[in-house]
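Working notes for the structure below.
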Amino acid sequence: MKLKNKALTHAVKLALTATTAGLFISGTALAADEQTETTKVNKNVEKIAVVGTRSAPRSIGDSPVPIDIIGGEELSKSGNTDMLELLKGAIPSLNVHSMPISDAASLVRPANLRGLPSDSTLILLNGKRRHRASVIAFLGGGINDGAQGADISVIPSIALKQVEVLRDGAAAQYGSDAIAGVINFELKDASEGGTFEVRHGQYFEGDGDTTQISGNVGLPFTDSGFANLSFQYKTADATSRSVQRADAANLIEAGVPDIAPITQVWGAPEVDDDISIFGNVGLELTNDSQFYMFGNYSERDVRGGFYYRNPHTRPGAYSNDGGETLLVGDLTGDMSGNCPTIMIDDNVLDNPDYINGVANNPDCFAFNEMLPGGFTPNFGGNITDTSLTIGTKGEFTGGFLEGAYYDLSGTVGYNESRYFIYDTINASLGPDSPRDFSPGKYEQLEKNFNFDISKGFDFDLAYDVNIAGGLEWHEETFTVVAGDEASFIAGPLTDQGFGIGSNGFPGFKPSDAGEYDRRNYAAYIDIEAPFTEEFLMGLALRYEDYDTFGSTTNYKLMGQYHLTEDLNVRGSISTGFRAPTVGQANVSNVQTNLSSGVLVDSALLPPTNPIAIQLGGTELEPEESQSYTFGAVYTIGDLFLTVDYYNIQVDDRISQSDKIELSQADKDTLEAAGVPNVQNLAQVSFFTNDFDTSTQGVDLVANYSAELFSGSSTFSLAYNWNETEVTRSSDITGAFKVSRLENDLPNHRATLSWAQQWESFSAFSRLNYFGEYQGVHVDYDETAKMADAAVTLDVEVTYFMNDSISFSLGAQNLLDQEAEKLDFTVAPNNNWGGKYYETSPYGINGGFYYAKATYTF
C-alpha cells in the first residue's frame, strides 16, 4: 500500500463505512494527551483517533469542508437540558426560538442552521439517517412555517460521545434535507464504566423548576463487544413572562367574574415524564466483520398556553359580529324559544335582557352562563419517538474487493404526536360540551436500507484514491388518525352560528384520516483523490428516484490545498435538493391564529385542494439548491483557526403560504367539500414552492490551548455572519413573511468560551453575543421592530471530591440579560399579554441557575 499516513487512511474508511454516503474526512486531528478517545474497528484495523473536546480543535483541519466536533463533555457544561439549546450554545450558526403559543411547534421546536428551516438540515444518528418528527410547524415563526424536521430534543447529552456538524451542503452524499448541512450524533461505545447524574435548576424569576436524572453504563457484550445504555428522565414546570391582557383587565374593572390574573401565558410549556432510553451495541463477529445495533425509545407529555377567548367578542362562541350582540342559542330544537337579541355593553351579565331572556330562560343559552369570564384553552400533546438500526460492516478478504470496506444496514424510525386541548369547548354542542378533547394524532414512519462500500486504489498518485459507493432505499409514511367524536362533531347549535369542533384545534374527522406514503431509491459514488501530498480533491455524485415526482441527480466537488505546513485552503461546490415531505403534501388542519391583532380561525389545505388551486396552489415539487464554500485553515503551535465563506441559493422553497382572506364564494365551495366550521373561517393557507432565497455568510472558529494559572486552559472563539435575501416571491408569500425570513434571525452570532482545569476544580465560562434581529410578537406586522444586540454569560464550576464524585454549580445567562421588551409605542393596544418579543434569539425566560451531582464509575 502506498499510503504514507495509515491513521489518515483508516479515518477515511471508518467515516465512509460508518455513514450512509460517506462523510468525507480526509484526515483527523490527533489529540496529544489522555483526553483522546479511540475506537477499535477490528483486529486488522488500527485504532482510530476521535477528537477530544478540550485539547483538540473543534473543526477538523484536514477536511476539504468545514466540520465541527463537539464533545459530549462540552455539551454537558450547560444549565439547559434541551439538546436544541445545548447545540445553540456550541454552534453560532444554529438558532432556536422559544415558540410560545405556536400550536405543534411548541411541542417539537424547530431549529435553523445557517438561517434555513429545520428540515433543510439532515440529522444522523451514528451516521444513519434519522427519521423526521410527525409534527409539522404550522405556526413556525415565518422561517419554519410548515417545516417538518427531526426531533433532536429526544437525544440526551449523556448518551453522546460527540456531535459532528458538517457545515456544508451535502445532498449529493446523503440525499434530501442536507441543503444547510448535516448534524451527526455519535453514541458512546464504551464497554465498561458509566455515569449517573442528578441536576436541578430554576429560573431567576422563581419558576420553571427543572429536574433531570440521567445515566450511562457500558457493559461487555461477550468478550468481543459492548452494550452501552443511556437514559434520561426530566420534568420541567411552565414559565410565564406575561402581563394581563388589556381586554381582560377592562372586563375585571367592569365586574365580570372568573377571569384569571393572567389570562394568556407566554412562556415555556410544562413538560412531564420526559423519558429517553438509548442503546448502542457492537459485536465483533470475525477478525474482519462486526455486528451493530442501536436505537431509542422516548416519550414526553407537554402542555402549554393558548390564546384567551374574550366572553364578549370570541366568534363562534360569544359573538359573531365583533362584540355588538351576544351569540344566543335556542335549545328547543324547533326554534320556539323566542330568544332575544342581547346588546353587549361593558358587562353583558348585568344586562336585564340577558338576565331575563337568557340566564333565567331554560330555552335559551349563551356560553356566558357556563364561562362568564371567557376561557383560555391549554394545548398539549404526548410525543412518542422510537427507532432501531441493525447492520453489519467489515472488510472483504478475497477477490477483486479484497481490502474493501462494506456496511449493510436497515433502519426503522417512528414518531407519534397525539394532541390534546384542555379547558375549551365545542360550541356547537352548547351546554353539553365537554371541556377537554383529544383532536387526534399524526404519525411518521420511515424505513431505510443502505449498502455502502469503499476501497483504496493505487493510481500512482501521492496516496491511494479512495472510491466509495452504495445503494439506498427509503419509505416514508405519514398517517392522520381521527380524534374523539366530540372534538369534530357538528352539534345541534351549528346552524345558529356556533363553532364546530374543539375551539382552538378542531379534531380530525374520519374523512380527514388517512395514510400517505412515498418510496424512493438512490445510487451514489464518492471519489477522493490525493493528487499530491498537498493537493486533495473529492467528487460525489448521487442519483435519486421518487415514485411521486420523478428523479434528480446531484453532485459535489470539493478540494483542499496545503499552501504551507501551517496553512491550507479548502472549498466545495455542490447542488442539492429537498423533497417535500409526505405530510406537507397531504395534511389539512384548522388552527387559531392572530391576524392583524384579531383572533381568527384559518384552515391549512392540501396544495391540490380546489380552493388552494384557485388561490395559486400547485402540486409540490422538490426544492433545488446550489451552494459553494471557500475557506482556509491555519494551525501554528496550540492555535487553530478556520475561516469559511458560504453561499446557498435555494429555488422553489417549500413553505406555508401567507394567510389568504376567504370570500363568501370560497366558503361555500369549502363547505360543499366538507371542511368543518367554514362560515367561521376567515383565512386559508397551503404549502407552496413560491419563493427563492439567497443565503450567504462566514464561519470563523479559533481554538487555543495553554498551561495557564497553574492548570490547563482552552480558549475557543466561534463567530457566524449570516444573511438571507428573498430573491423571488409572489403575493401568496406575503411581504411580512419576506421580512421575517430576512430579518428575524440575528445576522451576527458569536461565542467566546474558556475552559480551565485544575487538579480538584474545573471552570467553564462562555460569552454569547446575539446581534440585532427583528422583534415580532403574535406574528403581527405592526409589532415588528429591530431589537438591540445583547450579550449573555454562562458559567459552571465543578469540584471533584474524588475520582468518582463531583459537584457542579452553574448558571445560564448568569447576568439575567432581559429579552427585548415589547414596544407599546409601536403596538399600543397590547391585547395579547406579552412582555417580550417572542423572536428573542436567547429566549424570554431570563437567567437559569442549577446544581448538579455526578457519580462516575
Original post:
Checking side-chain hydrogen bond (donor to acceptor under 3.5 Å, both in side chains) against Y836, which of E820, R241, K821, E818 comes through?
Top reply: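 The residue from E820, R241, K821, E818 that satisfies side-chain hydrogen bond (donor to acceptor under 3.5 Å, both in side chains) with Y836 turns out to be E818.
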Mind checking the [atom1]-[atom2] spacing from [X] to [Y]? Nearest 0.5 Å is all I need.
X	Y	atom1	atom2	answer
L741	T724	CG	OG1	8.0 Å
E270	T239	CD	OG1	11.5 Å
F764	S753	CZ	OG	4.5 Å
Q148	D119	CD	CG	7.5 Å
I383	L107	CD1	CG	5.0 Å
N743	M786	CG	CE	5.5 Å

**OP:** Apply side chain to side chain donor-acceptor pair (under 3.5 Å) to N415 and S134, showing your working.
**Re:** CA-CA 6 Å; N415 185 277; S134 54; 2.7 Å; yes
Subject >> E725 and T693: CA distance, side-chain angles, deciding distance, side chain to side chain donor-acceptor pair (under 3.5 Å) verdict >> reply: CA-CA 6 Å; E725 178 186 0; T693 59; over 6 Å; no
Shortest non-hydrogen contact from [X] to [Y]?
X	Y	answer
M83	I155	CE-O, 3.2 Å
P506	V590	CD-O, 3.4 Å
G115	L745	CA-CD1, 3.7 Å
V795	S765	CG2-CB, 4.2 Å
D258	P372	OD2-CG, 3.4 Å
A819	S840	CB-OG, 3.7 Å

Pair [X] + [Y]: basic N to acidic O under 4.0 Å:
X	Y	result
R109	D82	yes
R740	E742	no
D385	R300	no
D699	R167	yes

Do side-chain atoms of [X] reach the backbone of [Y] as a donor and acceptor pair under 3.5 angstrom?
X	Y	answer
W266	I844	no
N368	P311	yes
N310	R314	no
H200	T210	yes
N503	G499	no
S240	V265	no
S602	V684	no
T839	Q774	yes
R749	K88	yes
D423	T376	no

Subject >> Qualifying residue for ring pair (Phe, Tyr, Trp, His ring centres under 6.0 Å) with F505, from Y307, F306, F379 >> reply: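 Checked Y307, F306, F379 against F505; only one passes ring pair (Phe, Tyr, Trp, His ring centres under 6.0 Å): F379.
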Side chain proximity check, [X] to [Y], heavy atoms < 4.5 angstrom:
X	Y	value
I732	D658	no
T235	V271	no
T783	V776	yes
F770	V791	no
L809	Y850	no
W721	N747	yes
Y769	H748	yes
F375	I425	yes

**OP:** Just do the side chain to side chain donor-acceptor pair (under 3.5 Å) check on D209 and Q202 with the steps written out, would you?
**Re:** CA-CA 5 Å; D209 282 40; Q202 184 184 82; 2.7 Å; yes
Original post:
Any side-chain donor paired with an acceptor under 3.5 Å for S502 and S487?
Top reply: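 Side-chain D/A pair, S502 to S487: absent.
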Subject >> Neighbour count above 12 (heavy atom, 6.0 Å) for D731 CG >> reply: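 It does not: D731 CG has 12 such atoms or fewer within range.
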Original post:
What orientation do F687 and F138 show, parallel under 30°, tilted 30 to 60°, or perpendicular over 60°?
Top reply: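 Geometry flag for F138 against F687: tilted rings.
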**OP:** Mark yes or no: R303 above the aromatic ring of F420, with NZ or CZ under 6.0 Å from the six-membered ring centre and no more than 45 degrees from the axis.
**Re:**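 No.
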Original post:
Should the pair R245 and Y308 be classed as cation-pi, given the thresholds of under 6.0 Å to the six-membered ring centre and 45° from the axis?
Top reply: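 No, cation not above the ring by the 6.0 Å, 45° rule.
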**OP:** Check step by step if salt bridge (charged side-chain N to carboxylate O under 4.0 Å, His left out) holds for K737 and D744.
**Re:** CA-CA 10 Å; K737 181 165 184 175; D744 272 14; over 6 Å; no
Original post:
Run the side-chain contact (heavy atoms from CB on, under 4.5 Å) check on V154 and S276 step by step: do they pass?
Top reply: CA-CA 6 Å; V154 302; S276 282; 4.1 Å; yes
Subject >> Worked verdict on T792 versus N768 for side chain to side chain donor-acceptor pair (under 3.5 Å) >> reply: CA-CA 5 Å; T792 65; N768 308 282; 3.1 Å; yes
Original post:
How about F204 and Y849: are their ring centroids closer than 6.0 Å?
Top reply: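 Yes: the rings meet the under 6.0 Å criterion.
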